[in-house]
Trainee: 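One structure, pasted below without further comment.
Start at 1 with the first residue, then count along the sequence.
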Amino acid sequence: MAYNFNGTNQFLSMATTPVSSSPLTFACWFNSTNTTGIQALICVNVTATSDRHVLYARGDVAGDPVRMQSADNVGGSGNATTTTGYSSGVWTHACGVVSSNISRTAYINGGSSGTDSTSVVVSPAIQASIGAQRFVTFPAGASFATGLIAEVGIWNAALTAAEIASLAKGMTCDKVRPQSLVFYAPLVRELIDQKGGLTITNNNAATVAAHTRVYA
């Protein structure tokens, strides 16, 4: 089973974060019915400011791409955007890599990568979420996910294009650079972080639904 989010107020949260700064990699499978709005898939952030790293499905952008964003508290942001997009009702693999303050890359289904080299210094994150973008004004201005999310992985390293391609082929997160994997929530029924041991809270009763096919 995956977790199904209503696009309004449902999300999963962790009171602490498995990774606070770059290098980092976010990855997940998502199946959205929303191709018009901004949807946050994975986010780590600072509670008192707008500093954050977020992996998005961007239905508001032409072509409906995946985007990896780093944003600071003074309005600066760096955005890496894939060259192709997702379709409604289809399982899609999303991945974002932040190698440094001047290097980030977004991938969709293991390819169609887009890069960004904007210099953005993000304060160390202290909390994490799945299915919502959180920052100082949350929930005002939040970008909630609509649809399903599964197989969430966070690494404290910049995965290579080949490693990301293997995830998009259905390899589970724990089989790809496991020494750098700091959070892994398959979201198969239970809310369990199999790698980092963080407690996951289901906010506003996101429900379970059919899970994407993966290969352990």
Trainee: Can you see which heavy atom on Ser70 is nearest to which on Val122, and at what distance?
Mentor: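 Distance-wise, the nearest heavy atoms are CB-CG2, 4.0 Å.
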Trainee: Say you draw a straight line from CZ of Arg67 to CG of Asn79; how long is it, rounded to the nearest 0.5 Å?
Mentor: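 Nearest 0.5 Å value for the CZ-CG distance: 4.5 Å.
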Trainee: Determine, step by step, whether Arg134 and Thr47 satisfy the side-chain contact (heavy atoms from CB on, under 4.5 Å) criterion, reporting the C-alpha distance in whole Å, the side-chain angles of both residues, the deciding distance to 0.1 Å, and the verdict.
Mentor: CA-CA 8 Å; Arg134 292 193 290 172; Thr47 53; over 6 Å; no
Trainee: Would a 4.5 Å heavy-atom cut-off, applied to side chains only, mark Phe30 and Val66 as touching?
Mentor: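 Answer yes - side chains close enough.
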Trainee: Output yes when a side-chain donor or acceptor of Asn31 lies under 3.5 Å from a complementary backbone atom of Val90, and no otherwise.
Mentor: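 Yes, the answer is positive, given that a donor and an acceptor are paired below the 3.5 Å cut-off.
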Trainee: Is there a donor in the side chain of Asp51 and an acceptor in the side chain of Thr49, or the other way round, less than 3.5 Å apart?
Mentor: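 Yes - a donor-acceptor pair under 3.5 Å links their side chains.
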Trainee: Report yes if the side chains of Phe135 and Asn73 come closer than 4.5 Å at any heavy-atom pair, otherwise no.
Mentor: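 In short, these two side chains do not touch, never coming nearer than 4.5 Å.
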Trainee: Would you check, one step at a time, whether the test side-chain hydrogen bond (donor to acceptor under 3.5 Å, both in side chains) holds for Ser32 with Asn34?
Mentor: CA-CA 5 Å; Ser32 177; Asn34 183 341; 5.6 Å; no
Trainee: Taking all heavy atoms of Leu55 and all of Gly96, pick out the closest pair and write down the distance.
Mentor: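 Scanning both residues, the minimum pair turns out to be CD1-N, 3.7 Å.
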Trainee: Between Val120 and Arg104, which heavy-atom pair has the shortest distance, and what is it?
Mentor: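 Looking at all heavy atoms of both residues, the shortest contact is CB-NH2, 4.0 Å.
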Trainee: Give, for atom OG1 of Thr146 and atom CD of Gln39, the distance between the pair rounded to the nearest 0.5 Å.
Mentor: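 If we round to the nearest 0.5 Å, Thr146:OG1 and Gln39:CD are 4.5 Å apart.
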Trainee: Mind telling me whether Phe144 and Phe138 have parallel, tilted or perpendicular rings, with 30° and 60° as the class edges?
Mentor: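 Plane angle between 30° and 60°, so tilted.
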Trainee: Can you tell me how far apart CH2 (Trp155) and CG (Leu24) are? Round to the nearest 0.5 Å.
Mentor: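 Result: 11.5 Å between the selected atoms.
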Trainee: For Leu12, run the side chain to side chain contact (heavy atoms under 4.5 Å, CB included) check against Asn202, Val152, Thr201 and tell me which one passes.
Mentor: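 Only match with Leu12 under side chain to side chain contact (heavy atoms under 4.5 Å, CB included): Asn202.
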Trainee: Among Ile42, Ile130, Leu181, Thr25, find the one that has a side chain to side chain contact (heavy atoms under 4.5 Å, CB included) with Ile154.
Mentor: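 When side chain to side chain contact (heavy atoms under 4.5 Å, CB included) is applied between Ile154 and each of Ile42, Ile130, Leu181, Thr25, only Ile42 qualifies.
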Trainee: Distance from Cys28 atom SG to Leu41 atom CG, nearest 0.5 Å?
Mentor: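 Result: 4.5 Å between the selected atoms.
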Trainee: Mind checking whether Arg52 and Val46 have side chains closer than 4.5 Å, heavy atoms only?
Mentor: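 No. Closest side-chain heavy atoms not under 4.5 Å.
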Trainee: Can a donor-acceptor pair be found between the side chains of Ser119 and Asn101 at a distance below 3.5 Å?
Mentor: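 No, Asn101 and Ser119 have no side-chain donor paired with an acceptor closer than 3.5 Å.
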Trainee: Which pair of non-hydrogen atoms, one from Leu159 and one from Leu167, has the smallest distance, and what is that distance?
Mentor: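 Where Leu159 meets Leu167 most closely, the heavy atoms are CD1-CD1, 4.0 Å.
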Trainee: So, for Phe183 and Phe26, is the gap between ring centers shorter than 6.0 Å?
Mentor: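 They do not qualify: ring centres at least 6.0 Å apart.
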Trainee: Kindly indicate whether the side chain of His93, heavy atoms from C-beta on, has any atom under 4.5 Å from the side chain of Glu151.
Mentor: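 Sidechains of Glu151 and His93: no contact.
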Trainee: Side-chain contact, heavy-atom cut-off 4.5 Å: Met68 with Thr105?
Mentor: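 Met68 does not reach Thr105 side chain to side chain.
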Trainee: Looking at every heavy atom in both Phe5 and Ala145, which two are closest together, and how far apart are they?
Mentor: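 Looks like CB-O, 3.3 Å.
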Trainee: Rounded at 0.5 Å granularity, tell me how far NZ in Lys195 sits from OG in Ser180.
Mentor: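 It comes to 9.0 Å.
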Trainee: If you define the side chain from C-beta out and look only at heavy atoms, does anything of Gln194 sit under 4.5 Å from Pro186?
Mentor: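 Heavy-atom side-chain distance check passes, below 4.5 Å.
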Trainee: With side chains defined as the heavy atoms from C-beta onward, is the minimum distance between Thr118 and Ile102 less than 4.5 Å?
Mentor: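 Contact flag for Thr118/Ile102 side chains = no.
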Trainee: Taking all non-hydrogen atoms of both residues into account, name the closest pair between Ile108 and Thr82 and its distance.
Mentor: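 The pair with the smallest heavy-atom distance is N-CG2, 3.6 Å.
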Trainee: Distance only, no hydrogens: is a donor on one side chain within 3.5 Å (strictly under) of an acceptor on the other, for Tyr3 and Gln10?
Mentor: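 The criterion, which ignores hydrogens and geometry beyond distance, is not satisfied for Gln10 and Tyr3.
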